[in-house]
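Along the sequence shown, residues carry numbers from 1.
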Amino acid sequence: MSNRNYYLLLAFALFIAVVVHIIFLLNGFYAISADESGRTLDAYFWITNNSQQSDVWLPFYRILIGNALLLHHDLFIVPRIISFFFGIGVIGIIVWLTNELFQKKEITIVAAFLTAIFPSRIILAVVPLTEIIFIFSVLCAFAFYIRWNNSQKTPSLFFVSICFGILTTIRYEGWLFAFAFLLLLAYKKIITKELKLSFAPLLLVCLCVCGFPVYWLIDNALREGSPLFFLAQTSANYDRVPTSFMKLVWRNIASQFFLWNILSFNIIGLFALFTMARTHFIAKQLVILFGIPFLFLSFLQVFGHTLPTHNPWRIASVWSVLLLPFTGYFLWKKLFSMHKKYFSIAFLVIVFCFAQTLYFVRHSYFTEGEKNAGEFLEQKNLIESHKNVLIENPDWYYLNIMIASQYPEKFIFNSGFNPYEPNQKIIDTEAALSESILQEKQIGILVMKSARYKTYLSRYSFIQKEKDFGEWSIYKHIKENKQ
């Protein structure tokens with residue numbers, strides 16, 4: 001294949017990814033959970049007044065999004081732009097990783113197109129979550145690791161260490177990947193004697209990889225009294241949600257990994273990886289880097305009760321994306337190069353990936369109505385900037401309105417931040433509404449979702465309905481003329 005055709009095909013794969021991304025956004029697909037809005041608010045409040053919404057979320061995303069919001073204040077657009085660039089970047093890193101593995105342009109092209117249409121990459125590039133950044137960083141770490149194995153140059157090893165160190169600041173799964181990397185280094189240093197590093201460089205590598213986890217454990221111990229507070233808190237959050245044995249099985253990373261990769265035919269990449277590992281030394285190491293975090297997390301989710309309550313497929317996505325170069329290798333080497341009739345398999349892969357993507361995007365957690373409600377409030381606050389907004393929070397959907405309003409600091413929660421751990425209500429439908437409470441808290445706008453609150457507010461002459469946005473209604477506190 002000529003270089004010209006090679007780069008044209010890569011550009012076309014990127015073009016497909018960009019077009020699909022725009023289509024989903026234009027069709028109102030904004031979120032798959034409440035985490036998108038929650039993490040954006042966490043970053044915003046951290047950068048504006050040094051507070052945070054969660055003590056267990058790792059800091060990388062908070063720092064990245066928070067500083068990006070300083071450059072351009074748009075809580076809806078900015079996080080999604082960042083996800084978009086990382087999502088497109090994933091295709092670029094897959095190209096690099098596949099080249100490092102196979103040194104074959106045709107295989108790289110197949111892997112690039114597979115990545116462009118791969119369901120979890122598409123979805124996670126649209127919504128602002130940590131997963132797409134984590135996937136990008138894991139791919140970088142793996143690519144640098146292969147480069148180091150091929151070159152045996154010490155600077156490459158330091159780049160690998162930095163990548164694995166960054167992983168530990170994004171998601172806790174990164175700690176498991178870092179552990180697997182250190183395990184491989186120990187094997188090369190102690191067992192096979194391949195690693196020819198003196199004490200000082202080896203110590204620097206360990207500091208790069210372990211520095212943040214050690215800091216985080218010490219910080220948790222000093223701040224919360226236990227170095228494993230983050231793990232206990234995560235388990236406690238999930239324990240609030242009733243979980244049957246079947247749900248434990250369904251939400252486990254192993255179940256999600258095998259289910260969705262079988263449905264998208266990406267599972268053949270796992271077969272290719274294990275087949276290569278028999279004779280390919282680097283592939284053997286990749287099996288360890290791939291397998292140890294996967295197996296450990298599978299057991300931890302069951303016995304540590306750290307299962308996700310929604311979208312369990314997204315955690316398995318990093319391992320799914322890691323298979324794409326090997327799926328590309330299998331499709332080209334074992335099928336396409338044998339006979340043209342096997343191109344029908346490529347068509348099936350496209351169809352099944354498309355069907356899986358449609359299943360994932362069947363519902364947007366961030367609705368068009370919530371976006372419109374937030375934008376309406378943004379306009380109201382431009383006019384009445386001294387007034388606060390009281391919002392009902394029966395579920396986590398209320399966070400979306402705060403994001404779209406661009407003024408999250410002006411919101412007052414009717415029953416506390418967490419809808420599942422309500423505090424004393426400011427407005428209680430069981431008691432009479434006092435106008436003095438609204439004046440005391442400088443509440444000029446009220447946002448309600450429940451029918452009982454809407455009925456309740458309609459009784460009072462000093463509350464005037466402004467507009468409905470789907471399930472949400474916006475009201476205005478007006479001063480009554482006293483005779």
Side-chain angles (χ1 to χ4, degrees), residues 1 3 6-7 9-10 89-112 114-115 135-167 174 177-198 200-206 208-209 269-294 318-319 321-334 337:
M1 180 183 290
N3 283 337
Y6 175 68
Y7 289 115
L9 287 170
L10 287 181
V90 164
I91 301 175
I93 302 301
I94 283 288
V95 168
W96 174 28
L97 179 59
T98 309
N99 268 325
E100 291 287 343
L101 280 167
F102 306 110
Q103 303 292 321
K104 184 79 173 173
K105 291 178 181 177
E106 290 82 0
I107 298 173
T108 301
I109 291 297
V110 175
L114 285 173
T115 309
I135 290 170
F136 176 90
S137 303
V138 168
L139 291 171
C140 285
F142 273 59
F144 272 120
Y145 184 83
I146 298 168
R147 171 70 61 86
W148 170 62
N149 271 273
N150 290 335
S151 67
Q152 292 299 313
K153 293 181 179 178
T154 302
S156 295
L157 178 59
F158 286 128
F159 280 117
V160 180
S161 307
I162 291 169
C163 286
F164 278 106
I166 291 172
L167 288 183
F177 280 102
F179 170 74
F181 168 63
L182 291 177
L183 201 63
L184 274 174
L185 287 188
Y187 177 80
K188 287 173 175 283
K189 181 71 176 175
I190 299 169
I191 306 300
T192 65
K193 312 290 185 183
E194 296 173 52
L195 188 59
K196 308 297 183 183
L197 271 186
S198 60
L202 192 60
L203 179 62
L204 184 58
V205 166
C206 291
C208 286
V209 177
L270 188 64
F271 172 78
L273 173 59
F274 281 108
T275 302
M276 286 181 60
R278 295 177 184 175
T279 56
H280 200 293
F281 183 61
I282 292 179
K284 288 180 182 178
Q285 297 175 63
L286 294 183
V287 167
I288 294 172
L289 283 176
F290 181 99
I292 287 178
F294 182 83
V318 61
W319 286 272
V321 174
L322 280 169
L323 289 183
L324 290 171
F326 301 97
T327 302
Y329 165 79
F330 188 91
L331 288 174
W332 180 261
K333 206 74 174 176
K334 304 297 182 181
S337 59

Is it true that atom NZ of K284 has more than 12 heavy atoms of other residues, nucleotides or ligands lying nearer than 6.0 Å?
yes

Rounded to the nearest 0.5 Å, how far apart are CG of L286 and CG of L322?
8.5 Å

Would you say L139 and W96 make side-chain contact, with heavy atoms under 4.5 Å?
no

Of the non-hydrogen atoms in I91 and A112, which two are nearest, and what is the gap between them?
CG2-O, 4.1 Å

Could you check whether the rings of F181 and F164 sit parallel, tilted or perpendicular, using 30° and 60° as the cut-offs?
parallel

To check you understand the geometry: which heavy-atom pair defines the closest contact between L97 and P325, and what is its length?
CD2-CG, 3.9 Å

Distance check, rounded to the nearest 0.5 Å: L167 atom CG versus I162 atom CD1?
12.0 Å

Can you list the residues that meet the side-chain hydrogen bond (donor to acceptor under 3.5 Å, both in side chains) rule with S137, with sequence neighbours excluded?
none

What is the distance from atom CZ of F281 to atom CG of N149, rounded to the nearest 0.5 Å?
7.0 Å

Might you point out which heavy atoms bring V287 and A277 nearest each other, and give the distance in Å?
CG2-CB, 3.9 Å

Evaluate the side-chain proximity of T275 to F326: yes if any heavy-atom separation is below 4.5 Å, no if none is.
no

I'd like to check M276 versus I282 (side-chain heavy atoms, cut-off strictly below 4.5 Å). Are they in contact?
no

Would you indicate whether Y6, at its atom OH, is surrounded by more than 12 heavy atoms from other residues, nucleotides or ligands within a distance under 6.0 Å?
yes

Do the non-hydrogen side-chain atoms of L101 and I107 ever get within less than 4.5 Å of each other?
no

For a 4.5 angstrom cut-off between non-hydrogen side-chain atoms, does L185 reach L157?
yes

Please report the closest heavy-atom contact between G328 and V110, naming both atoms and the distance.
CA-CG1, 3.7 Å

Check the surroundings of atom NZ in K153: do more than 12 heavy atoms from other residues, nucleotides or ligands lie under 6.0 Å from it?
no

Please identify each residue that fulfils salt bridge (Lys or Arg N to Asp or Glu O under 4.0 Å) with K188, with sequence neighbours left out.
E194

Measuring from atom CG of L289 to atom CG of L184, what distance do you get when rounded to the nearest 0.5 angstrom?
5.0 Å

Look at the side chain of S156 and the backbone N and O of W148, then say whether any donor-acceptor pair between them is shorter than 3.5 Å.
no

A side-chain contact here means heavy atoms from C-beta on lying under 4.5 Å apart; do C163 and Y145 qualify?
no

Using the six-membered ring wherever Trp is involved, compare the ring planes of F159 and F144 and label them parallel, tilted or perpendicular (cut-offs 30° and 60°).
parallel

How far apart are the C-alpha atoms of V160 and R147, what are their side-chain angles, what is the distance that settles it, and do they pass the side chain to side chain contact (heavy atoms under 4.5 Å, CB included) test?
CA-CA 9 Å; V160 180; R147 171 70 61 86; over 6 Å; no

Answer whether the closest heavy-atom distance between the side chains of I94 and L114 falls below 4.5 Å.
no

Within 6.0 angstrom of F158 CZ, more than 12 heavy atoms from elsewhere
yes

From N99 CG over to K104 NZ, what is the distance, rounded to the nearest 0.5 angstrom?
12.0 Å

Separation between CZ (F102) and CH2 (W332), nearest 0.5 Å, reads 14.0 Å

For a 4.5 angstrom cut-off between non-hydrogen side-chain atoms, does I135 reach I93?
no

